[in-house]
Amino acid sequence: MFQDLAGKVAVVTGASQGIGRGIAVRFGQEKMKVVVNYARSEEQALQTVEEIKAAGGDAIAVKADVAKEDEVINLIQTAIETFGSLDILVNNAGIQTTVPSHELSVDDWHKVMDTNLTGAFVGCREAIKYMLAHNIKGNILNISSVHQKIPKPFHAHYASSKGGLRLLTETLALEYAPYGIRVNTIAPGAIATQMNEHILSDPNQNKDVLSLIPMNKIGETKHIASAAAWLASDEAAYVTGVTLFVDGGMTLYPFYLKG
Ligand code: NAP
């Protein structure tokens with residue numbers, strides 16, 4: 001637990017399930033006020049809200065497609081109007097599809113980029129605008145992926161969006177460090193969620209994934225959530241512009257374990 005987080009106001013995008021839900025519920029355990037964003041899954045978002053309240057935090061669910069600028073603006077505004085402030089923004093919402101790059105349409109490219117990168121940019125912009133105006137030493141977490149570093153064939157749009165997120169994080173971290181606003185990235189490895197359920201539930205594919213993870217186990221949402229709580233807290237007060245890989249060693253070139 002990080003005592004300074006109690007009472008802080010956070011927006012977590014894509015918090016109806018998976019990693020976003022894990023972070024939102026952890027924030028609830030920290031007694032924070034959480035805006036649970038979702039695009040389609042209202043019922044699941046309301047479940048996240050209930051879990052946060054049961055853990056001792058406060059929460060509301062707000063529908064917003066992060067790929068739409070006006071909806072992100074409304075999301076941030078609703079958080080401020082409801083809870084009276086904004087201290088932490090977690091840009092977590094993300095999608096991916098699997099397509100050979102030479103067949104990838106510009107429409108599909110935009111869909112992924114608009115959600116994973118442009119949505120995060122608009123969220124950052126709106127949050128920082130508010131934090132500057134109210135002298136809030138806030139902080140922003142962008143959830144990227146090991147694929148901000150490891151190339152991902154058949155996912156050119158996804159890998160490009162995550163690489164962009166890294167440099168967006170570093171640029172904003174530098175630009176707003178003088179104002180005490182911290183911006184960091186968490187890069188998850190293979191975490192058990194809906195996004196990769198089709199891979200992890202197939203024994204052969206699961207084995208292939210495990211062979212890429214030196215710790216030989218799939219990550220859980222709680223692993224990302226604890227990294228998020230630490231980075232959001234004052235315990236990380238001197239940390240900005242970093243990528244924290246939470247990946248069981250996946251980015252450490254596991255091939256070389258073979259000697
Ligand atoms: P997930 O289980 O598929 O959940 C995705 C979440 O994003 C859902 O809550 C979904 O809400 C929301 N979302 C999707 N499109 C949205 C939009 N346009 N606007 C608002 N919300 C939207 O995915 P996950 O595995 O938790 O992934 C979360 C993040 O971690 C993503 O950025 C992903 O790239 C990253 N990541 C995941 C892994 C992994 O192994 N799972 C690894 C590396 C990085 P609705 O259901 O309401 O649409």
Side-chain angles (χ1 to χ4, degrees), residues 11-26 34-49 51 61-76 78 89-98 110-123 141-150 152 155 157-166 168-169 185-201 205-206 209-210 212-213 217-225 227-228 243-248 250-251:
V11 171
V12 183
T13 69
S16 57
Q17 61 181 33
I19 290 171
R21 174 184 278 188
I23 294 171
V25 171
R26 171 63 194 254
V34 189
V35 173
V36 172
N37 160 249
Y38 67 99
R40 285 159 289 265
S41 312
E42 182 178 20
E43 206 174 303
Q44 286 163 280
L46 291 172
Q47 275 172 23
T48 308
V49 167
E51 283 188 42
V62 177
K63 182 175 161 71
D65 178 347
V66 299
K68 298 189 175 140
E69 182 179 15
D70 57 334
E71 296 191 20
V72 179
I73 292 171
N74 181 58
L75 170 66
I76 300 294
T78 305
L89 168 65
V90 182
N91 287 307
N92 163 79
I95 53 170
Q96 67 171 332
T97 56
T98 306
H110 279 307
K111 218 171 170 182
V112 168
M113 293 300 268
D114 288 353
T115 304
N116 298 8
L117 183 57
T118 311
F121 158 67
V122 177
L141 300 176
N142 292 321
I143 308 301
S144 70
S145 163
V146 288
H147 296 296
Q148 71 167 45
K149 178 174 176 177
I150 305 172
K152 195 174 190 192
H155 299 81
H157 45 354
Y158 183 78
S160 302
S161 73
K162 297 303 187 178
L165 210 44
R166 174 183 74 81
L168 175 68
T169 296
T185 296
I186 298 175
I191 309 298
T193 68
Q194 197 65 40
M195 182 179 264
N196 51 23
E197 214 269 328
H198 59 293
I199 295 171
L200 301 180
S201 61
Q205 292 196 70
N206 193 299
V209 174
L210 283 177
L212 300 172
I213 306 170
K217 57 183 176 199
I218 303 297
E220 298 172 46
T221 58
K222 68 177 184 192
H223 296 132
I224 308 302
T243 293
L244 178 51
F245 286 93
V246 184
D247 67 353
M250 202 181 207
T251 40

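For ligands, and for the atoms within them, numbers begin at 1 and follow the listed sequence.
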Tell me every residue that passes side-chain contact (heavy atoms from CB on, under 4.5 Å) with F121, counting only those two or more places apart in sequence or in another chain.
R125, L168

Note: S144, heavy atoms under 4.0 Å from ligand 1, region reported as backbone

Indicate yes or no: does an N/O atom of A190 lie under 3.5 Å from an N/O atom of ligand 1?
no

Taking the side chain from D247 and the backbone from G189, do they hold a donor-acceptor pair closer than 3.5 Å?
no

Could you please spell out the steps behind the side-chain hydrogen bond (donor to acceptor under 3.5 Å, both in side chains) verdict for R21 and T48?
CA-CA 6 Å; R21 174 184 278 188; T48 308; 2.9 Å; yes

Here the gap from K111 atom NZ to H157 atom NE2, rounded to the nearest 0.5 Å, amounts to 9.5 Å

Is the shortest side-chain heavy-atom distance between V246 and I186 below 4.5 Å?
yes

Using a 3.5 Å cut-off on N or O atoms only, is R40 in polar contact with ligand 1?
yes

Using a strict 4.0 Å cut-off to heavy atoms of I95, name the atoms of ligand 1 that fall inside it.
14 (C), 15 (N)

When you measure from the heavy atoms of K162 to every atom of ligand 1, does any distance fall below 4.0 Å?
yes

Pair Q44-Q17, side-chain donor/acceptor within less than 3.5 Å
yes

For G22, state whether at least one heavy atom is located under 4.0 Å from any atom of ligand 1.
no

Should P188 be counted as touching ligand 1, given the test is an N or O pair under 3.5 Å?
no

Decide whether an N or O pair under 3.5 Å exists between I19 and ligand 1.
yes

Do the side chain of N37 and the main chain of V62 share a donor and acceptor less than 3.5 angstrom apart?
yes

At what distance, to the nearest 0.5 angstrom, does OH of Y38 lie from OG1 of T13?
14.0 Å

Would you say the side chain of E43 lies within less than 4.5 Å of the side chain of L46, judging by non-hydrogen atoms?
no

Nearest protein heavy atom to atom 23 (O) of ligand 1, by residue and atom, and its distance?
M195 CB, 3.6 Å

Report yes if some N/O of V66 lies less than 3.5 Å from some N/O of ligand 1; otherwise report no.
yes

Among V112, D247, N92, which one puts a heavy atom closest to atom 31 (C) of ligand 1?
N92

Numbering the atoms of ligand 1 from 1, which are under 4.0 Å from a heavy atom of Q17?
1 (P), 2 (O), 3 (O), 4 (O), 8 (C), 9 (O)

Take I199 and N206, measure what side-chain contact (heavy atoms from CB on, under 4.5 Å) needs, and give me the verdict at the end.
CA-CA 6 Å; I199 295 171; N206 193 299; over 6 Å; no

Per-atom contacts of ligand 1 with Y38, taking only distances under 4.0 Å to non-hydrogen atoms
47 (O)

Name the closest protein heavy atom to atom 46 (O) of ligand 1, giving the residue it belongs to and the distance to 0.1 Å.
S41 OG, 2.6 Å

re atom 10 (C) of ligand 1, the protein heavy-atom contact at minimum distance is S16 OG, 3.9 Å

Quick one: does any side-chain atom of T115 pair with a main-chain N or O of V112 as donor and acceptor, under 3.5 Å?
no

More than 12 heavy atoms of other residues, nucleotides or ligands under 6.0 Å from NZ of K152: yes or no?
yes

Main-chain N/O of V25 paired to E51 side chain as donor or acceptor, under 3.5 Å:
no

Using side-chain hydrogen bond (donor to acceptor under 3.5 Å, both in side chains), reason through N116 and S161 one step at a time and then give a plain yes or no.
CA-CA 6 Å; N116 298 8; S161 73; 3.2 Å; yes

Give a yes-or-no answer on whether the side chains of T169 and N142 include a donor-acceptor pair shorter than 3.5 Å.
yes

Say whether, by atom type as modelled, one donor and one acceptor occur between the side chain of N196 and the main chain of I191 under 3.5 angstrom.
yes

Number the atoms of ligand 1 from 1 as they appear, then name those within less than 4.0 Å of a heavy atom of Q194, with their elements.
2 (O)

Among all the protein's non-hydrogen atoms, which is closest to atom 21 (N) of ligand 1, and how far away is it?
A93 CB, 3.5 Å

Check each of G94, A61, S161 against atom 5 (C) of ligand 1 and report the one with the nearest heavy atom.
G94

Any idea which atoms of ligand 1 are less than 4.0 Å away from a heavy-atom of A64?
19 (N), 20 (C)

Which option wins on minimum heavy-atom distance to atom 7 (O) of ligand 1: A39, G119, A187, G14?
G14

Test your reading of the structure: does G20 have an N or O sitting under 3.5 Å from an N or O of ligand 1?
no

Any N or O on V146 sitting closer than 3.5 Å to an N or O of ligand 1?
no

Just let me know how A192 lines up against ligand 1, side chain, backbone, both or neither, with a heavy-atom cut-off below 4.0 Å.
neither

Output the list of atoms in ligand 1 that are nearer than 4.0 Å to some heavy atom of I191, sorted by atom number.
39 (C), 40 (O), 41 (N)

Which atoms of ligand 1 are found less than 4.0 Å from any heavy atom of G189?
38 (C), 39 (C), 40 (O), 42 (C), 43 (C)

Do me a favour and list the nearest non-hydrogen protein atom to atom 24 (P) of ligand 1 with residue, atom name and distance?
T193 OG1, 3.6 Å

Atom 34 (O) of ligand 1 - nearest protein heavy atom and its distance:
Y158 OH, 2.6 Å

Nitrogen or oxygen of N196 less than 3.5 angstrom from that of ligand 1:
yes

Give the atom numbers and elements of ligand 1 that come within less than 4.0 Å of a heavy atom of D65.
17 (C), 18 (N), 19 (N)

Between the side chain of N92 and the main-chain N/O of G14, is any donor-acceptor distance below 3.5 Å?
yes

